[in-house]
Amino acid sequence: MSKQILILPGDGIGPEIMAEAVKVLEAVNRDHDLGFELVHDDLGGAAIDRYGVPLADETLARARAADAVLLGAVGGPKWDKLERDIRPERGLLKIRSALGLFGNLRPAILYPQLAEASTLKPEVVSGLDILIVRELTGGIYFGSPRETRVLENGERQAFDTLPYSEGEIRRIARVGFDMARLRGKKLCSVDKANVLESSRLWREVVEEVAKDYPDVELSHMYVDNAAMQLVRAPKQFDVIVTDNMFGDILSDEASMLTGSIGMLPSASLDAHNKGMYEPCHGSAPDIAGQGVANPLATILSVAMMLRYTFGAAAAAEAIEAAVGQVLDQGLRTGDIWSEGKQRVGTREMGEAVVAALVRR
Ligand code: NAD
């Protein structure tokens with residue numbers, strides 16, 4: 001039986017970077033005889049234009065039927081004025097939630113070839129290899145009640161709610177510990193337990209789960225300190241596990257240690273390793289349509305998909321090695337370009353990766 005992958009290019013640079021990722025996916029599908037069938041649909045602004053909603057029921061049904069989903073990015077100024085419930089980003093939150101994708105894996109790896117692209121000193125970041133495990137379907141982005149209301153004195157007041165149940169904390173903590181086991185066996189749980197009730201429960205439950213992982217060294221850190229430590233001495237971290245909002249912010253910070261958000265893939269997994277794979281960056285409306293976006297984060301997301309959902313480690317490694325080769329050749333999109341390197345566009349970068357795969 002063929003394995004289905006749903007392709008959702010999304011908005012902005014999404015279709016441009018996805019076109020290159022699909023070329024890479026088709027190349028490994030052929031060379032490694034993986035038997036993938038690709039199904040295409042829309043999400044976000046593109047879905048609003050086509051279906052009137054950011055995630056159509058039929059698209060969700062296709063996502064449920066697929067073994068994995070590959071997403072570009074959603075959002076853009078064209079849809080910014082719409083009501084919150086029908087904005088492109090709601091489609092993304094809804095598909096993550098509907099598919100039960102609670103575990104978001106965001107690696108921050110600094111390729112040695114790009115040490116100069118980081119704004120931090122090379123000695124602080126060279127060899128950096130951090131994995132941030134972010135809880136993705138709970139916390140303040142989903143909590144209710146949430147509202148803007150008018151107080152008796154006529155002033156407007158807005159509030160959100162940050163709920164976490166112990167089951168939600170336990171399952172993401174397990175992902176964190178499992179990942180740490182596969183890597184350097186160090187897990188840092190990030191919270192704000194000195195202030196937030198939800199963080200106090202978070203810390204308690206993580207401590208309970210730790211009893212099942214005596215081989216993993218667990219530490220705790222407040223989120224403000226973690227933000228500081230990530231730029232002061234990022235190599236102290238191996239795996240970080242944290243909630244939805246803290247993970248959102250810290251993983252963007254970690255991505256900049258590596259020089260470009262255009263290099264970073266991500267995976268969002270359910271309890272059975274079905275996943276949605278996407279670059280960490282957004283739809284970059286400022287460069288959309290110019291053919292200059294970096295497709296490597298999306299291409300590396302394909303590698304993560306092969307490894308985590310399909311267990312095709314050899315094909316995943318082939319893609320990662322091909323990306324290393326094009327960087328060795330000196331090819332750079334604008335976001336990672338430096339003096340003496342060859343500036344290329346989205347399509348040239350994607351085709352160079354395919355050519356490197358074929359040469360292997
Ligand atoms: P962004 O990640 O789209 O862009 C931030 C900066 O990084 C921009 O200067 C952009 O040009 C650059 N950049 C991003 N990806 C790049 C790539 N592949 N190659 C080269 N440069 C790249 O973040 P933003 O500007 O805050 O958001 C733009 C839109 O994207 C918004 O509508 C936002 O809601 C949406 N967004 C979507 C997702 C997602 O789909 N997962 C994530 C974040 C933001």
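Atoms within a ligand are numbered from 1 in the order they appear, just like the ligands themselves. Values below: every heavy atom of this structure, side chains too, minus hydrogens, waters and symmetry copies.
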Got a sec, which hydrophobics cluster with L6, joining ILVMFWY side chains under 4.5 Å apart, including via others?
-> L8, V39, L43, L55, L60, V69, L71, V74, L92, I95, L99, L101, M276

Would you confirm whether T161, through its side chain, and P145, through its main-chain N or O, come within 3.5 Å as a donor-acceptor pair?
-> yes

Which protein residues have a heavy atom closer than 4.0 Å to any atom of ligand 1, listed by chain and number?
-> I13, A73, V74, G75, G76, E89, L92, I261, G262, E278, H281, G282, S283, A284, P285, D286, I287, A293, N294, D335

Taking atom types as modelled and ignoring hydrogens, do the side chains of Y164 and N244 form a donor-acceptor contact shorter than 3.5 angstrom?
-> no

Do the side-chain N and O atoms of Y141 and D160 include a donor-acceptor pair separated by under 3.5 angstrom?
-> no

Residues sharing I109's hydrophobic cluster, by side-chain heavy-atom contacts under 4.5 Å among ILVMFWY, directly or via others?
-> none

Set of residues satisfying salt bridge (charged side-chain N to carboxylate O under 4.0 Å, His left out) with respect to E278, sequence neighbours excluded | R96

